[in-house]
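Keep in mind it's a predicted model, so treat the numbers as computed, not measured.
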Amino acid sequence: MGDTTVRTSEGHDQAVPHPVADSADGTARGRLRRPRTPRRPRLWFEILLIAVSYWTYSLIRNAVPEQKAEALRNADWIWQLEQRLGIAVEQSVNHAVNSVTWLIVGMNYYYATLHFVVTLGVLVWLYRSHPGRYAATRLVLFTTTGIALVGYYLYPLAPPRLMNGQDFIDTVVVHQTWGSMASGDLKNMSNQYAAMPSMHIGWSVWSGLTVFALATVPWVRVLGLVYPVATLVVIVATANHFWLDAVGGVLCLAFGYGVALLWYGSLPHTLPRRVPDGGGSPLPVRLPLLPRSRSGAAPADRRAEPVPVDRRSEPAPADPAGQAPPP
């Protein structure tokens with residue numbers, strides 16, 4: 001069904017099947033399954049996209065109902081679960097680091113600034129040095145952040161420093177440093193109960209993996225691995241997150257990589273580093289060479305190229321009457 005009958009030179013009829021992709025439905029399915037080709041990013045579009053996306057993220061995150069009672073109940077449940085698992089060390093880390101003033105003040109500023117500075121820095125570096133991988137890596141970051149917004153809405157969670165009946169220290173308030181927008185004088189500008197998942201971890205692991213996979217300088221690659229580990233220590237020491245909030249951030253990041261893999265057919269760091277300005281195939285296409293015999297001659301089925309003929313050397317055509325024309 002769907003075959004076409006043709007007549008060969010020998011006079012026999014032969015059915016030639018149509019490819020599935022030639023049909024309308026087949027073409028549509030083929031396009032959906034076909035990996036997207038990376039294109040060179042445009043600066044004005046990327047700046048606008050990042051600005052609008054961050055504004056939308058902040059608007060939605062802060063518009064999520066705080067649901068204080070439910071957030072505190074969830075925090076108590078997380079804390080009890082960690083105690084049963086034997087990983088409830090957040091309070092000990094919080095008190096130990098808080099006793100070293102210079103260290104905890106530095107962590108307060110780390111928590112407030114590097115979250116944005118490093119992430120934007122990695123995006124700029126990708127745009128300039130790895131344009132072919134930029135769009136796919138940016139898709140991972142945006143998808144990770146988008147799924148985190150769903151988590152904030154479905155599972156409000158209070159950070160440890162806001163729990164009732166626990167001895168956690170809000171380090172920004174105690175040391176009067178300009179730190180997190182979630183505590184101190186800036187607490188009314190941010191949703192206090194959006195701790196799960198931790199995007200400090202989601203974004204820092206994204207930055208660290210990107211730098212480790214694409215950087216060529218060894219010590220820079222090491223910094224890429226150290227950065228998310230240091231961030232994990234900071235979010236726990238400042239009592240802004242539980243360990244399990246970090247697990248939630250990593251799961252969101254894994255989802256983001258999965259979306260990029262489906263969309264581009266490859267992980268971002270394995271894509272070509274550069275692409276043409278107009279998009280298209282980033283790699284040259286090589287045509288297959290026909291095999292040659294041992295003597296070096298082309299195979300018999302290869303068509304010979306036309307050879308120019310000197311018409312002046314050919315004899316003049318005969319006269320219709322059978323006589324040659326006069327010289």
Side-chain angles (χ1 to χ4, degrees), residues 20-21 25-42 45-46 49-50 52-54 56-57 60 115 118-152 154 196-216 220-221 223-225 227-229 231-232 244-285:
V20 175
D25 293 342
T27 302
R29 287 195 299 268
R31 289 176 179 174
L32 289 176
R33 289 194 300 264
R34 186 183 308 148
R36 270 52 178 182
T37 302
R39 296 180 179 275
R40 186 173 183 84
R42 292 164 293 180
F45 176 79
E46 295 302 326
L49 179 63
I50 292 173
V52 172
S53 299
Y54 182 73
T56 305
Y57 166 75
I60 295 176
H115 177 52
V118 173
T119 304
L120 287 176
V122 172
L123 281 172
V124 172
W125 172 63
L126 283 171
Y127 180 87
R128 292 175 59 87
S129 301
H130 298 268
R133 298 159 178 157
Y134 174 86
T137 314
R138 185 243 292 144
L139 176 63
V140 175
L141 180 66
F142 281 32
T143 306
T144 300
T145 306
I147 200 66
L149 291 174
V150 179
Y152 298 149
L154 298 178
M196 172 67 83
S198 170
M199 279 300 93
H200 272 76
I201 291 299
W203 290 11
S204 66
V205 176
W206 173 87
S207 300
L209 289 178
T210 301
V211 170
F212 178 77
L214 300 180
T216 56
V220 175
R221 300 185 70 201
L223 282 181
L225 297 180
Y227 174 56
V229 176
T231 302
L232 178 61
L244 292 182
D245 298 346
V247 175
V250 172
L251 292 177
C252 289
L253 182 64
F255 179 83
Y257 274 109
V259 171
L261 179 61
L262 290 175
W263 189 258
Y264 287 97
S266 177
L267 290 174
H269 69 275
T270 62
L271 293 171
R273 180 174 181 175
R274 299 187 181 277
V275 293
D277 291 341
S281 177
L283 297 176
V285 178

How long is the gap from OG1 on T144 to CG on L149, to the nearest 0.5 Å?
11.0 Å
Can you list everything that forms a side-chain hydrogen bond (donor to acceptor under 3.5 Å, both in side chains) with T270? Sequence neighbours excluded, please.
S266
Between W203 and T145, does the side-chain hydrogen bond (donor to acceptor under 3.5 Å, both in side chains) criterion hold? Intermediate values first, please.
CA-CA 8 Å; W203 290 11; T145 306; 3.0 Å; yes
Give, for atom OG of S207 and atom CH2 of W125, the distance between the pair rounded to the nearest 0.5 Å.
10.5 Å
Kindly determine whether L209 and V205 satisfy side-chain contact (heavy atoms from CB on, under 4.5 Å), including the steps that lead there.
CA-CA 6 Å; L209 289 178; V205 176; 3.8 Å; yes
Shortest non-hydrogen pair, L271 vs R133, comes out as O-NE, 2.7 Å
For F212, all residues meeting side chain to side chain contact (heavy atoms under 4.5 Å, CB included), sequence neighbours excluded:
R221, L225
If you define the side chain from C-beta out and look only at heavy atoms, does anything of Y134 sit under 4.5 Å from P268?
no
Answer yes or no: are there more than 12 heavy-atom neighbours, outside F255 itself, under 6.0 Å from its atom CZ?
no
Return the CE to OH distance between M199 and Y152, rounded to the nearest 0.5 Å.
5.0 Å
Only counting residues at least two apart or in another chain, list the ones meeting side chain to side chain contact (heavy atoms under 4.5 Å, CB included) with V247.
L244, L251
Qualifying residues under side-chain hydrogen bond (donor to acceptor under 3.5 Å, both in side chains), relative to T210, sequence neighbours excluded
none
With sequence neighbours left out, write down each residue that passes side chain to side chain contact (heavy atoms under 4.5 Å, CB included) with V229, or none if nothing qualifies.
none
Close side-chain approach of V220 and V211, heavy atoms under 4.5 Å
yes
Could you tell me how the ring of H200 sits relative to the ring of H115: parallel (under 30°), tilted (30 to 60°) or perpendicular (over 60°)?
parallel
Can you name the residues that form a side chain to side chain contact (heavy atoms under 4.5 Å, CB included) with L139, not counting sequence neighbours?
T143, V259, A260, W263, Y264
Output, in order, the C-alpha distance, side-chain angles, deciding distance and verdict of side-chain contact (heavy atoms from CB on, under 4.5 Å) for L141 and T119.
CA-CA 9 Å; L141 180 66; T119 304; 3.9 Å; yes
Do you know the tightest heavy-atom contact between P197 and G151?
CD-CA, 4.2 Å
Looking only at atom types and distance, does a side-chain atom of S204 sit under 3.5 Å from a main-chain N or O of I201, one as donor and one as acceptor?
yes
dist L214:CG -> T137:OG1 (nearest 0.5 Å) comes out at 6.5 Å
Just how far is it from atom CG of L154 to atom CE of M196, taken to the nearest 0.5 Å?
12.5 Å
